[in-house]
Asks: 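Dumping the structure here so I can ask a few things about it.
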Amino acid sequence: FAYKNHRNHHGPLPVEGSLRSVAFGNNKFFLGYKMATYSFNIKSQPKTKYGSKLNAAAHFDYIDRDGAYKNREDLLAYGSGNMPDWAPTPHHYWEAASLYERANGNAYKEITWALPSELPLWANESLVQEFCQETFGEKFTYSYAIHSKDSSDPEHDNVHVHIMFNERELTKDRTYDDPKWHFTRYTETDRFPVGYCKSREFMQKATVHKLRERAADLTNKYYKDFDMQERVDHRSFKNQKKALIEEGRFSEAAKFDNV
């Protein structure tokens with residue numbers, strides 16, 4: 001069950017957040033491609049300055065530019081996936097997540113990912129949806145919002161996506177009408193199982209690395225599909241340089257000395 005929509009925009013779409021080319025000296029091209037910066041991060045639900053967890057519904061309103069944030073004009077597209085029937089809107093889902101998840105648990109984790117500003121909006125949303133389908137399938141509930149704002153590079157905008165997701169792994173053998181049971185710790189009873197298990201998959205560094213690499217691969221796939229020279233690399237500059245040195249490509253590795 002997915003919510004998906006575009007908000008109406010009149011005139012040019014506002015643009016925010018984009019990938020910027022990395023300059024190696026005066027040369028923005030590397031190994032035949034125009035290299036773009038890459039940013040992909042996963043973080044757990046943060047705490048407020050008072051020590052309590054940040055409210056998931058409030059953060060959803062922030063990325064969805066709703067409620068107190070509805071006057072911001074940098075939202076390009078938004079959507080959600082695998083919302084339960086008891087949630088009339090994604091806001092209701094994230095509100096229940098904050099209310100019923102364990103106090104020492106996470107109501108959500110968040111991915112923040114820089115998208116290629118060179119692509120049209122429909123392509124960037126397709127890129128995000130393809131990533132979400134691969135990553136979450138029908139097992140995890142998620143919401144995304146694509147933002148755009150000015151960047152320090154006048155030639156590119158800062159286009160990025162926020163993806164909130166809950167780590168409870170949905171199963172088809174049970175559904176609940178009451179959100180309290182949805183967020184209950186999984187328990188086997190004499191009559192029927194209660195709640196959903198919390199996946200530990202996204203706690204593993206290997207999973208984070210895999211998602212970071214997959215997002216880069218998908219980005220490059222879209223660049224290629226549009227016959228663009230830009231490419232991104234999920235590895236750090238240090239690891240890229242190390243790999244080139246190991247391959248004996250010293251002149252190419254030296255280009256990372258000034259970045």
Side-chain angles (χ1 to χ4, degrees), residues 2-4 16-19 38-49 51-69 72 74-84 87 89-115 124-125 127-137 139-149 158-170 182-183 196 198-216 218-219 234:
Y3 300 88
K4 176 187 171 299
E16 157 195 9
S18 85
L19 300 175
Y38 183 61
S39 176
F40 182 97
N41 300 292
I42 300 180
K43 64 181 181 181
S44 297
Q45 180 184 11
K47 290 184 178 181
T48 68
K49 63 181 180 180
S52 59
K53 289 293 183 78
L54 182 68
N55 184 274
H59 188 65
F60 171 76
D61 284 350
Y62 168 75
I63 71 166
D64 199 52
R65 299 305 193 234
D66 208 347
Y69 308 96
R72 298 197 179 190
D74 57 357
L75 178 67
L76 297 185
Y78 62 97
S80 293
N82 301 321
M83 286 287 162
T89 67
H91 176 92
H92 285 80
Y93 173 86
W94 294 112
E95 188 173 45
S98 269
L99 181 62
Y100 294 116
E101 282 286 5
R102 291 178 293 117
N104 62 344
N106 288 314
Y108 70 91
K109 282 195 171 183
E110 181 181 15
I111 294 171
T112 306
W113 172 19
L115 299 174
N124 266 326
E125 188 169 19
L127 170 60
V128 170
Q129 290 174 349
E130 187 171 347
F131 174 83
C132 287
Q133 184 58 42
E134 286 189 12
T135 304
F136 308 121
K139 296 197 302 182
F140 301 98
T141 301
Y142 63 91
S143 296
Y144 69 83
I146 299 175
H147 297 167
S148 176
K149 65 183 178 183
N158 177 10
V159 181
H160 58 272
V161 63
H162 297 267
I163 306 173
M164 294 174 63
F165 64 96
N166 183 270
E167 295 170 277
R168 292 203 176 272
E169 192 166 349
L170 307 176
H182 185 102
F183 294 105
Y196 294 115
K198 268 281 185 87
S199 173
R200 301 181 64 85
E201 177 182 359
F202 299 99
M203 297 174 61
Q204 301 171 8
K205 289 185 178 180
T207 298
V208 175
H209 180 83
K210 179 181 177 181
L211 292 178
R212 180 178 171 83
E213 182 177 5
R214 182 55 184 154
L218 283 173
T219 300
H234 71 282

Asks: Quick one: list whatever passes ring-ring contact (aromatic ring centres under 6.0 Å, His included) with Phe136, sequence neighbours left out.
Replies: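 Phe136: ring-ring contact (aromatic ring centres under 6.0 Å, His included) contacts with Tyr142, Phe165.
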Asks: With a 4.5 Å limit on heavy-atom distance, are the side chains of Cys132 and Ile163 in contact?
Replies: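 Counting from C-beta outward, Cys132 and Ile163 do come under 4.5 Å.
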Asks: Name all residues meeting the side chain to side chain donor-acceptor pair (under 3.5 Å) criterion together with Asp61; count only those two or more places apart in sequence or in a different chain, and write none if there are none.
Replies: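 If we apply the side chain to side chain donor-acceptor pair (under 3.5 Å) test to Asp61, skipping adjacent residues, the hits are His91.
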Asks: Kindly compute the distance separating CZ (Phe183) from NZ (Lys198), expressed to the nearest 0.5 Å.
Replies: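 Phe183 CZ to Lys198 NZ: 9.0 Å, rounded to 0.5 Å.
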Asks: Which value, rounded to the nearest 0.5 Å, describes the distance between Asn166 atom CG and Met83 atom CE?
Replies: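 Output value for this atom pair is 9.5 Å.
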Asks: Mind checking what makes salt bridge (Lys or Arg N to Asp or Glu O under 4.0 Å) contact with Glu130, not counting sequence neighbours?
Replies: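 Glu130 satisfies salt bridge (Lys or Arg N to Asp or Glu O under 4.0 Å) with Lys221 only.
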Asks: Go through the structure and list residues passing side chain to side chain donor-acceptor pair (under 3.5 Å) with Lys53, not counting sequence neighbours.
Replies: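 Asn106.
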Asks: What heavy-atom pair brings Tyr62 and Arg72 nearest, and what distance separates the two atoms?
Replies: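 For Tyr62 versus Arg72, the nearest heavy atoms are CE1-NH1, 3.6 Å.
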Asks: What distance do Asn82 atom CG and Arg168 atom CZ have between them, rounded to the nearest 0.5 Å?
Replies: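 If I round to the nearest 0.5 Å, the distance is 15.5 Å.
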Asks: Could you pull out all residues at least two apart from Glu201 that satisfy side chain to side chain donor-acceptor pair (under 3.5 Å)?
Replies: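 Applying side chain to side chain donor-acceptor pair (under 3.5 Å) to Glu201 gives none.
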Asks: Using 0.5 Å steps for rounding, measure from the CH2 atom of Trp113 to the CG atom of Leu211.
Replies: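 Trp113 atom CH2 to Leu211 atom CG measures 10.0 Å (nearest 0.5 Å).
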Asks: Quick one: side chain to side chain donor-acceptor pair (under 3.5 Å) partners of Trp94, sequence neighbours excluded?
Replies: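 Here the qualifying residues are Ser143.
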Asks: To the nearest 0.5 Å, how far apart are CE in Met203 and OG in Ser44?
Replies: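 These two atoms lie 8.0 Å from each other.
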Asks: Name all residues meeting the salt bridge (Lys or Arg N to Asp or Glu O under 4.0 Å) criterion together with Lys139; count only those two or more places apart in sequence or in a different chain, and write none if there are none.
Replies: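 For Lys139 the salt bridge (Lys or Arg N to Asp or Glu O under 4.0 Å) partners, ignoring immediate neighbours, are Glu169.
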Asks: What heavy-atom pair brings Tyr38 and Ala216 nearest, and what distance separates the two atoms?
Replies: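 Shortest heavy-atom separation between Tyr38 and Ala216 comes out as OH-N, 3.1 Å.
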Asks: So how far is it from Asp74 CG to Arg65 CZ, rounded to the nearest 0.5 Å?
Replies: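 Here the interatomic distance stands at 4.0 Å.
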Asks: Where is the tightest heavy-atom contact between Ile63 and Leu75, given as atom of each residue plus distance?
Replies: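 Smallest heavy-atom distance, with atoms named: O-CD1, 3.9 Å.
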Asks: Sequence neighbours excluded, which residues qualify as salt bridge (Lys or Arg N to Asp or Glu O under 4.0 Å) partners of Arg102?
Replies: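 Salt bridge (Lys or Arg N to Asp or Glu O under 4.0 Å) list for Arg102, sorted by chain: empty.
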Asks: Of all residues at least two apart in sequence or in a different chain, which pass the ring-ring contact (aromatic ring centres under 6.0 Å, His included) check with Tyr100?
Replies: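 Partners of Tyr100 by the ring-ring contact (aromatic ring centres under 6.0 Å, His included) criterion come out as none, since no residue qualifies.
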Asks: How close do Ala58 and Tyr69 get, heavy atom to heavy atom, and via which atoms?
Replies: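 Nearest pair, atom of Ala58 first, then Tyr69: O-CE1, 4.1 Å.
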Asks: Partners of Glu167 by salt bridge (Lys or Arg N to Asp or Glu O under 4.0 Å), sequence neighbours excluded?
Replies: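 For Glu167, the residues satisfying salt bridge (Lys or Arg N to Asp or Glu O under 4.0 Å) (neighbours in sequence not counted) are Lys109.
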Asks: Who are the side chain to side chain contact (heavy atoms under 4.5 Å, CB included) partners of Ser98, not counting sequence neighbours?
Replies: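 Scan of Ser98 (side chain to side chain contact (heavy atoms under 4.5 Å, CB included), adjacent residues dropped) gives Gln45, Asn55, Ala56, Ala107.
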Asks: Give me the atom names and distance for the closest heavy-atom approach of Ile111 to Phe131.
Replies: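 That closest heavy-atom pairing would be CD1-CE2, 3.9 Å.
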Asks: Do you know the tightest heavy-atom contact between Phe140 and Thr135?
Replies: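 In this case the closest contact between Phe140 and Thr135 is CD1-O, 4.4 Å.
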Asks: Which residues pass the side chain to side chain contact (heavy atoms under 4.5 Å, CB included) test with Leu54, not counting sequence neighbours?
Replies: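 So Leu54 forms a side chain to side chain contact (heavy atoms under 4.5 Å, CB included) with Pro46, Thr48, His59, Tyr108.
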Asks: Could you go through the side chain to side chain contact (heavy atoms under 4.5 Å, CB included) check for Thr89 and Phe60 one step at a time?
Replies: CA-CA 11 Å; Thr89 67; Phe60 171 76; over 6 Å; no
Asks: Measure the acute angle between the ring planes of His160 and His162, then classify it against the limits of 30° and 60° as parallel, tilted or perpendicular.
Replies: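 Aromatic pair His160/His162 classed perpendicular.
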